[in-house]
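The sequence lines fix the lettering, A, B, ..., with proteins before strands; numbering per chain opens at 1. Because only heavy atoms are used, hydrogens play no part in the values below, and waters and symmetry mates are left out as well, while side chains stay in.
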Number of protein chains: 2
Amino acid sequence: MTVYTATSLKAELNDRGWRLTPQREVILHVFQELPKGEHLSAEDLYHHLEAQGEGISLSTIYRTLKLMARMGILRELELGEGHKHYEINQPYPYHHHHLICVRCNKTIEFKNDSILKIGTKTAQKEGYHLLDCQLTIHAVCPSCQRALLPL
Amino acid sequence: MTVYTATSLKAELNDRGWRLTPQREVILHVFQELPKGEHLSAEDLYHHLEAQGEGISLSTIYRTLKLMARMGILRELELGEGHKHYEINQPYPYHHHHLICVRCNKTIEFKNDSILKIGTKTAQKEGYHLLDCQLTIHAVCPSCQRALLPL
DNA sequence: TTCCTATTAGAAAACATTTGCAATAAACCC
DNA sequence: GGGTTTATTGCAAATGTTTTCTAATAGGAA
Ligand SMILES: [Mn+2]
Ligand SMILES: [Mn+2]
Ligand SMILES: [Zn+2]
Ligand SMILES: [Zn+2]
């Protein structure tokens, strides 16, 4: 859970024998500038970049999202829409969690300092190197409670 | 997060104009008997039932898993294997969370009482009806840390 | 028992994600 | 800067998971 710049990303990639490409740099930048509370799917990112004139192929997008998630740069979220969503993975003051309605998928972000502490301690206890730690609450939102019956 | 029996499942289904079928009863039973720490995918469940002589079609399995997850009977887990896993959703003394290695998908379960409290309070504050609450820790396990480089 | 319709099995379709391959271009060395 | 190595890209095809369609079946209420 570090804050990345193009430079530190390049350093970390090169350390492992990998390369910083314009595509990777652009994708990192999109997530860094993404407004708080927004989450992008692979397809979302593809269209976002296309609209910016920065066309990047969908396969590169999938490869990059997976790479950055495994490096701990991005968080991979399951928001109930049938495909993954991503957001930048930031430490303490920005670290947050998600409350999701299982019926309409409306998602609310919330913060809680003790969760990251629990995650850090648990990973450490087992000798794991922590990348991300997210509390996901599945629930039924007020408006879906009123609209009874349908699943 | 209630404990279900065939009877209470029937009651809840019928309340909503739905039906208790032998298939649904069998599937609930499998999850109730599932050893602690085991998680089943749709395919896993399909083969498990086939082996028991209780053949249920894959489409019914998918429909039932989704139904029971939305009812709060089952928890839907993303364990990094490219498909969902399910386990029974039980309250307090059995309620637990998952620490997952992003490289080899090895999963460790752990408990922490304060998380469920945080989840309950957060859902309540927003007027959501709580179904499940799970802390997911993404990390790199000790053996994958040693085996450096490969993604 | 009868009626209504939710649910099932099976096959086909849809969708998300991954993979193979030839062309390209970062990183490293001189 | 120029040359070499090989990681990465784009595109198309393949894979794997989950959903949907349909006719037949069977729960639940009266
Ligand atoms: Mn978020
Ligand atoms: Mn579990
Ligand atoms: Zn809702
Ligand atoms: Zn591992």
Side-chain angles (χ1 to χ4, degrees), chain A residues 6-7 9-28 39-47 49-50 53-71 74 76-86 102 105 149-151, chain B residues 6-28 39-47 49-50 53-71 74 76-86 102 105 148-151:
Chain A
T7 311
L9 173 61
K10 175 167 161 46
E12 183 153 342
L13 287 168
N14 291 350
D15 265 3
R16 309 194 194 192
W18 301 336
R19 298 172 185 177
L20 177 63
T21 62
Q23 290 87 341
R24 289 175 177 174
E25 198 169 337
V26 166
I27 289 174
L28 174 64
H39 308 111
L40 299 182
S41 66
E43 204 80 30
D44 290 339
L45 178 56
Y46 179 72
H47 291 120
L49 289 168
E50 200 174 39
E54 313 244 29
I56 296 185
S57 78
L58 203 47
S59 49
T60 295
I61 287 181
Y62 273 107
R63 280 185 291 239
T64 305
L65 290 173
K66 182 181 246 185
L67 176 80
M68 291 187 173
R70 295 199 179 189
M71 291 176 73
L74 298 180
E76 201 169 71
L77 310 174
E78 198 55 62
L79 302 177
E81 295 187 15
H83 47 248
K84 291 174 176 121
H85 282 81
Y86 296 83
V102 299
N105 298 327
L149 294 180
L151 200 106
Chain B
T7 312
S8 66
L9 174 61
K10 175 164 161 46
E12 183 153 342
L13 288 168
N14 291 350
D15 265 3
R16 309 194 194 192
W18 301 336
R19 297 171 185 176
L20 178 64
T21 62
Q23 291 87 338
R24 290 176 178 175
E25 198 167 340
V26 166
I27 290 174
L28 173 65
H39 307 112
L40 299 181
S41 66
E43 204 81 28
D44 290 340
L45 178 57
Y46 179 73
H47 291 120
L49 289 168
E50 200 174 39
E54 313 243 31
I56 295 184
S57 77
L58 202 46
S59 50
T60 295
I61 288 183
Y62 273 106
R63 279 184 294 240
T64 305
L65 290 173
K66 182 180 246 186
L67 176 80
M68 291 186 172
R70 296 199 179 189
M71 290 176 74
L74 298 179
E76 200 169 70
L77 309 174
E78 197 55 62
L79 302 178
E81 295 187 16
H83 46 247
K84 291 176 176 118
H85 282 81
Y86 296 82
V102 298
N105 298 328
L148 1 140
L149 294 181
L151 200 110

> Quick one: Glu81(A) CD to dT17(C) C1', roughly how many Å, whole number?
Replying inline: 17 Å
>> Any donor-acceptor pair, under 3.5 Å, between the side chain of Arg63(A) and the base of dT18(C), if you only look at N and O atoms?
In response: no
> Looking across every strand, which nucleic acid part, if any, lies under 4.0 Å from Ser59(B) by heavy atom: base, sugar-phosphate, or nothing?
Replying inline: base
>> Just the rounded figure in Å: distance from P of dT9(D) to OH of Tyr62(A).
In response: 16 Å
> If you look at every strand shown and take non-hydrogen atoms under 4.0 Å, does Gln23(A) touch a base, only sugar-phosphate, or nothing?
Replying inline: sugar-phosphate
> Between Gly55(B) and Leu20(A), which is nearer to the 5' end of DNA chain C once each is assigned its nearest nucleotide?
Replying inline: Gly55(B)
> Tell me: NZ of Lys10(A) to C1' of dA27(C), nearest whole Å?
Replying inline: 7 Å
> When the distance from OH of Tyr46(A) to P of dT18(C) is rounded to whole Å, what number comes out?
Replying inline: 17 Å
> Would you say a side-chain N or O of Arg24(B) is under 4.0 Å from OP1 or OP2 of dT7(C)?
Replying inline: yes
>> Of the listed nucleotides (dA9(C), dT9(D), dA29(D)), which one gets closest to any side-chain atom of Thr60(B)?
In response: dA9(C)
> Are any non-hydrogen side-chain atoms of Leu67(A) and Leu13(A) less than 4.5 angstrom apart?
Replying inline: yes
>> So Leu79(B) and His39(B), do their side chains get closer than 4.5 Å, heavy atoms only?
In response: yes
> Do Glu76(B) and Tyr86(B) come within less than 4.5 Å of each other through their side chains, counting heavy atoms only?
Replying inline: yes
>> How many whole angstroms separate atom CG of Leu67(A) from atom P of dT17(C)?
In response: 16 Å
>> For Met68(A), is there any backbone N or O sitting under 3.5 Å from a side-chain donor or acceptor partner on Arg24(A)?
In response: no
> Between dT18(C) atom P and Ile61(A) atom CD1, what is the distance in whole Å?
Replying inline: 13 Å
> Separation of Lys84(A) atom NZ from dA16(C) atom P, in whole Å?
Replying inline: 12 Å
>> Distance check needed: dT8(D) P versus Ile27(A) CD1, whole Å only.
In response: 13 Å
> Looking at the side chain of Arg19(B), which of dA29(D), dT7(C), dG10(D) is the nearest nucleotide?
Replying inline: dT7(C)
> Is Ser57(B) near enough to dT8(C) that one of its side-chain N or O atoms lies under 4.0 angstrom from OP1 or OP2?
Replying inline: no
>> Using side-chain heavy atoms (C-beta onward) and a distance below 4.5 Å, is Leu49(A) in contact with Ile27(A)?
In response: yes
>> Assuming nearest nucleotide by heavy-atom distance, tell me which of Ile56(A) and Gly82(B) is located more 5' along DNA chain D.
In response: Ile56(A)
